[in-house]
Amino acid sequence: MSRKTLVTCGLPYANGPAHIGHLRTYIPADIFVRSLRKQGRDTVFVCGSDAHGTPIVINAEELGITPSELVEKYHDHFDQVFKSLDIIFDEFGSTESQTNHNRTIDIVNRLIDNDHVFLKSIELAYCPTCGRFLPDRYVEGTCPDCGATARGDECDQGCGKHLEPGEILEPVCKICRSKAEYRVQEHFFFRLSDFKDFLSDHLDKLEGTLNARNYALGWINNELNDWCITRNLEWGVRFPDHEELVVYVWVDAPIGYISFTEDWANRHGIDWKEYWMNPGGDTDIIHFIGGDIIYHHCIFWPAMLKGAGYTLPRAVVASGMVKIGDKTFSKSRGYVVWVNDDYLDKGFHPDLLRYYLASYTSHTKELNFSWKIFQEKVNNELVGTLGNFIYRTSLFAYKNFGAVPDGEIDPEVVKTIEDAKNSVIESFNEYEFKKGIDAAMSLASFGNSYFQSNEPWKSIKTDAPGAKKTIRNCLHIVKALAILFEPAMPKLASEAWRQLGMESDSELSNTPYDEVTVEIKAGQTLLKPSMLFTKIEDSKIAEMERSLDDRVLMATKKKHVSFEEFSELDIRIGTIVQAEPIKKSKKLLKLMVDLGETKARQIVAGIAETHNPDDLVGRQVAVLANMKPAKLFGVESRGMILAADHDGAILLSPERKVRAGTCVR
RNA sequence: AGCGGGGUGGGGUAGUCAGGACAUCCCGACGGGCUCAUAACCCGUAGACCGAUGGUUCAAAUCCAUCCCCCGCUACCA
């Protein structure tokens with residue numbers, strides 16, 4: 001009896017649509033699952049919506065709907081997107097479900113019973129203006145450790161450390177921007193510090209990608225802070241016996257992995273405990289996640305499972321982030337490619353995106369999305385190499401024979417297919433998706449080469465049996481290609497399979513890898529071949545690039561201002577009378593500027609990288625004189641020097657010398 | 001300045017954890033071939049002292065140390 005495998009994907013947060021960054025995790029996970037099944041492994045694949053947490057509450061409030069309605073909307077959206085891309089979960093649930101609530105309560109109770117939870121009074125940020133406690137990401141302030149601006153429950157911009165409520169200094173309410181205050185509250189804590197030795201052990205054995213393990217190992221060398229696991233919120237899973245508290249979203253979210261398995265198992269009359277309450281049993285749990293939630297999956301989650309007596313994951317596979325034009329994805333700045341609006345709705349085939357995302361670079365590396373490279377990969381690799389080989393072979397066979405001709409299968413072909421198969425299996429099993437796809441692609445290259453060197457178009461006129469043999473070999477390779485490419489491109493591989501006259505489409509996904517060694521049946525009727533892959537036109541790519549540019553432009557576009565509003569700005573010409581660097585600062589200069597006032601103004605300007613202080617003295621520049629005074633590097637600045645912003649600062653000067661203090665309008 | 005991610009032929013990228021013989025693949029350049037195929041495909045040529053320096057080793061892109069540069073976020077770009 002073979003081992004059972006449970007594969008999970010990090011839960012999409014149900015408060016916004018899917019972008020291609022999400023897919024970096026889900027597509028490889030789906031490839032992995034399909035590949036396991038092709039090896040005959042008993043595999044379950046679950047995922048679901050992350051439904052709780054404050055952002056959903058706030059978002060729903062703004063839309064005038066209930067959190068539940070909002071969650072349902074995006075849950076359906078993700079469900080549709082995943083299906084469109086052939087990412088097929090056995091269960092796609094929601095952490096809002098009753099099963100998840102029950103499971104969460106069970107685990108929390110077990111943690112309490114096992115003495116891993118304690119009560120403590122802490123100070124919590126409370127916004128007097130909004131009239132509510134501000135959990136997590138609605139508090140902004142300073143990280144107590146590194147001094148960077150920290151938001152939410154982690155110092156996301158600075159040291160990356162997880163922060164407890166109340167740790168952030170100088171809290172500000174992010175919703176209304178007013179100053180928050182700390183109030184004392186009683187909350188429950190999970191004693192993570194108890195698990196240090198256990199985690200050290202666990203991480204040693206943890207499989208998956210190195211980025212996940214190394215990141216986590218780095219953490220457990222430091223002090224492990226206990227986690228506050230309750231929040232003052234209405235929306236979420238009620239903490240046992242405490243009506244006013246809800247468990248922290250990072251407690252009930254991963255528990256979704258369990259409850260989704262439960263729901264799936266119950267539907268199929270299977271005991272879910274075989275997967276989750278059977279430590280040391282014959283089940284492997286593998287988590288696919290984005291690189292941004294490694295801490296939660298490698299530290300917090302295993303400790304929780306251990307503390308509650310559940311089965312631990314065997315592997316954590318963390319994907320690299322997706323960027324656009326070297327910029328981090330950002331909705332607000334327009335750097336985003338939506339799966340529906342920008343891809344599927346534009347008529348692109350889902351398999352092309354699957355191929356591109358999985359084969360562009362290593363799974364753990366950053367992927368810089370580019371329409372241009374997407375086009376290159378599709379046109380050269382998919383169309384030029386794979387598509388062309390399949391098409392030239394099928395068409396030649398169909399036109400000349402109408403069926404699979406007879407002829408001996410070449411030992412060289414057998415060997416090459418066997419090697420490709422082994423390489424594909426091994427690579428996918430090691431989460432090396434690019435490597436696996438490249439191995440399959442090199443079989444297509446071999447096919448082209450084989451076709452070319454055997455010249456069946458010549459031999460058919462002089463040596464019919466020779467031509468038949470060549471074509472049967474090529475068709476045999478096509479069959480192997482369909483099988484090997486099915487995990488990465490299920491739809492197109494199935495189409496190739498169908499055109500070969502193999503059994504029905506749906507069966508390709510159940511066809512084991514080993515089928516590649518079974519010789520294609522001579523005499524099998526071939527269907528009229530059609531082109532599987534078509535080139536993407538330059539104009540289409542130009543259109544996509546333009547729409548991305550437009551979005552960035554829209555995002556940075558400023559609103560109209562009235563003349564009155566403009567008049568609020570006091571812009572004047574000033575003469576620089578003194579300039580000196582600010583110590584310890586690379587970019588800043590301290591300037592004294594004559595604005596026609598009795599005393600020169602002290603202004604700090606970020607132009608040190610482009611301008612030499614000595615060259616500035618005597619120059620006239622445009623100055624925003626009523627800029628609110630601020631301290632930079634401890635130096636007061638009372639104004640702002642205006643400059644064109646292009647590869648550094650290009651100062652604005654009047655056409656000819658004017659009196660200092662002359663108004664600009 | 002802090003944190004994170006990178007520096008491999010003209011562009012992109014593999015290989016770095018487990019060090020080894022001509023450094024991978026895609027594009028681009030150049031030359032040839034072929035015509036079954038989606039001007040495709042096949043063959044060949046040129047092009048990289050693997051960011052720098054030092055170390056470990058019989059052997060380093062790969063391990064160690066130091067440094068430089070680029071990108072992202074943040075900070076002090078007022």
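Lettering of chains follows the sequences in order, A, B, ..., and the numbering in each one begins at 1.
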Next item on the list: Can you tell me the pairing partner of G19(B) across any strand shown, Watson-Crick or G-U wobble, with both distances under 3.5 angstrom?
Entry: none
Next item on the list: Taking only the side-chain heavy atoms of Tyr391(A) (C-beta and beyond), determine which of U38(B), C36(B), G12(B) contains the nearest atom.
Entry: U38(B)
Check: To the nearest angstrom, how far is Tyr335(A) atom OH from G72(B) atom C1'?
Finding: 12 Å
Item checked: 5′-ward residue of the pair Asn448(A)/Glu430(A) relative to RNA chain B -> Glu430(A)
Item checked: Whole-angstrom distance between C36(B) and U45(B), as gauged at atom C1' -> 28 Å
Item checked: Touch class at under 4.0 angstrom, heavy-atom based, for Gly387(A) against every strand present -> base
Checklist line | Under 3.5 Å on both distances, the Watson-Crick or G-U partner of A39(B) | finding: none
Next item on the list: Report the base-pairing partner of C30(B) (Watson-Crick or G-U wobble, both distances below 3.5 angstrom), or none.
Entry: G44(B)
Checklist line | Polar side-chain atom of Asn379(A) near backbone of Ile536(A) as donor-acceptor pair, under 3.5 Å | finding: yes
Notebook entry, point to check: Between G7(B) atom C1' and Lys365(A) atom NZ, what is the distance in whole Å?
Noted result: 10 Å
Margin query: For a quick check under 3.5 Å, do Thr385(A) and Ser445(A) share a side-chain donor-acceptor pair by atom type?
Written below: no
Item checked: Whole-Å P distance, G7(B) and C50(B) -> 14 Å
Notebook entry, point to check: If every non-hydrogen atom of Pro487(A) is compared with every non-hydrogen atom of Leu484(A), which pair is closest and at what distance?
Noted result: CD-O, 3.4 Å
Checklist line | Inter-nucleotide P distance (A59(B), A14(B)), Å rounded | finding: 29 Å
Next item on the list: Using only heavy-atom distances, determine whether the side chains of Ser394(A) and Gln499(A) contain a donor-acceptor pair under 3.5 Å.
Entry: no
Item checked: Separation between the P atoms of U66(B) and C49(B), rounded to whole Å -> 26 Å
Margin query: Can you tell me which nucleotide in A14(B), G15(B), G5(B) comes closest to the side chain of Thr361(A)?
Written below: A14(B)
Next item on the list: Between A61(B) and C69(B), how far apart are the P atoms? Round to whole Å, please.
Entry: 25 Å
Notebook entry, point to check: What interatomic distance, in whole Å, is found between P of C41(B) and the corresponding atom of C3(B)?
Noted result: 48 Å
Check: Want to settle it: does Thr364(A) or Ser637(A) sit nearer the 5' end of RNA chain B, counting the closest nucleotide to each?
Finding: Thr364(A)
Checklist line | Sugar-phosphate, base or nothing in reach of Ile603(A), heavy atoms under 4.0 Å | finding: sugar-phosphate
Next item on the list: Just call it for Val604(A): base, sugar-phosphate, or nothing, with non-hydrogen atoms closer than 4.0 Å on any strand.
Entry: sugar-phosphate
Next item on the list: Measure the distance from CZ on Phe329(A) to C1' on G4(B) and round it to the nearest whole Å.
Entry: 18 Å
Check: Does C25(B) have a Watson-Crick or wobble mate here (both distances under 3.5 Å), and if so which one?
Finding: G12(B)
Next item on the list: Please work out if Thr393(A) contacts a base, only the sugar-phosphate, or nothing of the nucleic acid, heavy-atom cut-off 4.0 Å.
Entry: nothing
Taking distance alone, no hydrogens or angles, what donor-acceptor pairs closer than 3.5 Å link side-chain atoms of residues 436-443 of chain A to residues at least two apart or in another chain?
unit_1, atom_1, unit_2, atom_2, d
Asp438(A), OD2, Lys434(A), NZ, 3.2
Ser442(A), OG, Ala439(A), O, 2.8

Next item on the list: Could you list the residues that satisfy salt bridge (charged side-chain N to carboxylate O under 4.0 Å, His left out) with Glu376(A), not counting sequence neighbours?
Entry: none
Next item on the list: Return the nucleotide paired to A1(B): Watson-Crick means purine N1 to pyrimidine N3 with N6-O4 or O6-N4, wobble means G-U with N1-O2 and O6-N3, both under 3.5 Å.
Entry: U74(B)
Notebook entry, point to check: Rounding to the closest angstrom, what is the interatomic distance between U8(B) and A52(B) at atom P?
Noted result: 10 Å
Next item on the list: Please state how far atom CZ in Phe451(A) lies from atom P in C41(B), giving the value in whole angstrom units.
Entry: 13 Å
Next item on the list: Can you tell me, in whole Å, how much space there is between the C1' of A18(B) and that of C34(B)?
Entry: 45 Å
Next item on the list: Using whole Å, report how far NZ of Lys323(A) lies from P of G12(B).
Entry: 14 Å
Check: Taking only N and O in the side chain of Ser449(A), is any of them less than 4.0 Å away from OP1 or OP2 of C43(B)?
Finding: yes
Next item on the list: Would you classify Phe533(A) as touching base, sugar-phosphate or nothing, given that sugar-phosphate means primed atoms plus P, OP1 and OP2, and contacts are heavy atoms under 4.0 Å?
Entry: base
Notebook entry, point to check: Is Ser370(A) near enough to G12(B) that one of its side-chain N or O atoms lies under 4.0 angstrom from OP1 or OP2?
Noted result: no
Item checked: Residues forming a salt bridge (charged side-chain N to carboxylate O under 4.0 Å, His left out) with Lys346(A), sequence neighbours excluded -> none
Check: Are OP1 or OP2 of A14(B) and a side-chain N or O of Ser362(A) less than 4.0 angstrom apart?
Finding: yes
Margin query: Tell me every residue that passes salt bridge (charged side-chain N to carboxylate O under 4.0 Å, His left out) with Glu412(A), counting only those two or more places apart in sequence or in another chain.
Written below: none
Item checked: Atom-to-atom span, CG of Leu395(A) to P of C41(B) - whole angstrom -> 16 Å
Margin query: Quick check for you: among C36(B), U13(B), A78(B), whose closest atom lies nearest to any side-chain atom of Met640(A)?
Written below: A78(B)
Next item on the list: Let me have a per-nucleotide readout for nucleotides 25-35 of chain B, 5' to 3', with B, S or -, counting only protein heavy atoms under 4.0 Å.
Entry: -SS-----BSS
Next item on the list: Say whether Arg572(A) and Thr662(A), considering side chains only, have a donor N or O and an acceptor N or O under 3.5 Å apart.
Entry: no
Next item on the list: Could you state the atom-to-atom distance from CG of Leu569(A) to C1' of A78(B) in whole Å?
Entry: 13 Å
Next item on the list: Grab the CG-C1' distance between Asn368(A) and C71(B) for me, whole Å please.
Entry: 9 Å
Next item on the list: Mind checking salt bridge (charged side-chain N to carboxylate O under 4.0 Å, His left out) for Asp594(A) and listing every partner two or more places apart, or none if nothing turns up?
Entry: none
